[in-house]
Amino acid sequence: MRHLRVALVAWLFAAAGATIGAFIGNLFGRQGLFLAATICGTLAILFAINLLVERGWLDGERRKGGAIGGFVGLALGAPLALMNMDSPLIGIAALGLVGICVLLGAGPNAVR
């Protein structure tokens, strides 16, 4: 259950950040949408990792690995979300990779 809450928090923050970035970037076309969603998603991952460490749900020494894992998950999920713009649920589900990758990047004993 502890792993699930860490994955969900990372996923929700990444999805919210990417969605906000997509709304902002949509003003500048498809490339602007992708760039803004990626930048806002990255900032949201950093914020989520910081929140998880402050809450004591993630080991502070594993913060760097969790962030790198989250960035890899975003790099895998963002193109999938962009390819499925007609179905927003697929895009949000694709960003679920972020939560899984945060756990993988942080390591097995990082969740408290």
Side-chain angles (χ1 to χ4, degrees):
M1 193 64 167
R2 296 176 301 164
H3 291 84
L4 181 62
R5 71 178 176 196
V6 170
L8 284 176
V9 167
W11 171 56
L12 290 173
F13 273 85
T19 302
I20 291 169
F23 284 130
I24 295 169
N26 194 31
L27 300 171
F28 304 104
R30 191 169 174 97
Q31 290 178 339
L33 183 145
F34 184 73
L35 181 64
T38 304
I39 290 171
C40 289
T42 301
L43 294 174
I45 290 169
L46 292 174
F47 184 75
I49 295 292
N50 192 33
L51 179 73
L52 290 168
V53 170
E54 285 179 3
R55 289 262 185 202
W57 293 353
L58 189 68
D59 187 11
E61 295 177 5
R62 304 286 182 98
R63 175 186 307 212
K64 189 175 185 180
I68 291 170
F71 298 152
V72 169
L74 183 65
L76 294 173
L80 291 172
L82 186 64
M83 287 187 288
N84 296 301
M85 291 292 292
D86 55 331
S87 177
L89 292 179
I90 293 175
I92 292 172
L95 291 176
L97 289 170
V98 172
I100 295 167
C101 290
V102 164
L103 290 173
L104 291 175
N109 296 326
V111 178
R112 296 180 181 175

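Throughout, numbering of the chain's residues begins at 1 and tracks the sequence.
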Quiz item: Which pair of non-hydrogen atoms, one from G69 and one from C101, has the smallest distance, and what is that distance?
Solution: O-CB, 2.8 Å
Self-check item: Listed once per pair and sorted, the ring pair (Phe, Tyr, Trp, His ring centres under 6.0 Å) pairs that draw on residues 31-86, sequence neighbours left out
Solution: F13-F47
Quiz prompt | L12-L103 co-clustered via ILVMFWY side chain contacts under 4.5 Å | solution = yes
Quiz item: What heavy-atom pair brings A18 and A37 nearest, and what distance separates the two atoms?
Solution: O-CB, 3.4 Å
Quiz item: Which pair of non-hydrogen atoms, one from A10 and one from G99, has the smallest distance, and what is that distance?
Solution: CB-CA, 3.9 Å
Practice problem: With rounding to the nearest 0.5 Å, note down the distance linking CG in L74 to CD1 in I39. | Solution: 11.0 Å
Quiz item: M1, L104: one ILVMFWY side-chain cluster at the under-4.5 Å cut-off?
Solution: no
Exercise. Locate the shortest heavy-atom distance separating G21 from A36; write the atom from each residue and the value.
Key: O-CB, 3.1 Å
Practice problem: Check V98 against A14 and note the closest heavy-atom contact, atom names and distance. | Solution: CG1-CB, 3.8 Å
Quiz item: Does L4 share a hydrophobic cluster with W11, counting links as ILVMFWY side-chain heavy atoms below 4.5 Å and allowing steps through other members?
Solution: yes
Practice problem: May I ask you to check whether over 12 heavy atoms, not counting those of R5, lie within 6.0 Å of atom CZ? | Solution: yes
Exercise. For the pair R62 and V111, evaluate side-chain contact (heavy atoms from CB on, under 4.5 Å) and give the outcome as yes or no after the intermediate values.
Key: CA-CA 9 Å; R62 304 286 182 98; V111 178; over 6 Å; no
Quiz item: Between A94 and L80, what is the shortest heavy-atom contact and its length?
Solution: CB-CB, 3.8 Å
Quiz item: Should I45 and I100 be regarded as members of a common hydrophobic cluster, given that ILVMFWY residues are connected when their side-chain heavy atoms come within less than 4.5 Å of each other, either directly or indirectly?
Solution: no
Quiz item: Looking at CD1 of I49 and CG of L58, how far apart are the two atoms once the value is rounded to the nearest 0.5 Å?
Solution: 5.5 Å
Quiz prompt | Common cluster, L52/L8, ILVMFWY with side-chain heavy-atom separation under 4.5 Å | solution = yes
Quiz item: Looking at CG of L43 and OG1 of T38, how far apart are the two atoms once the value is rounded to the nearest 0.5 Å?
Solution: 11.0 Å
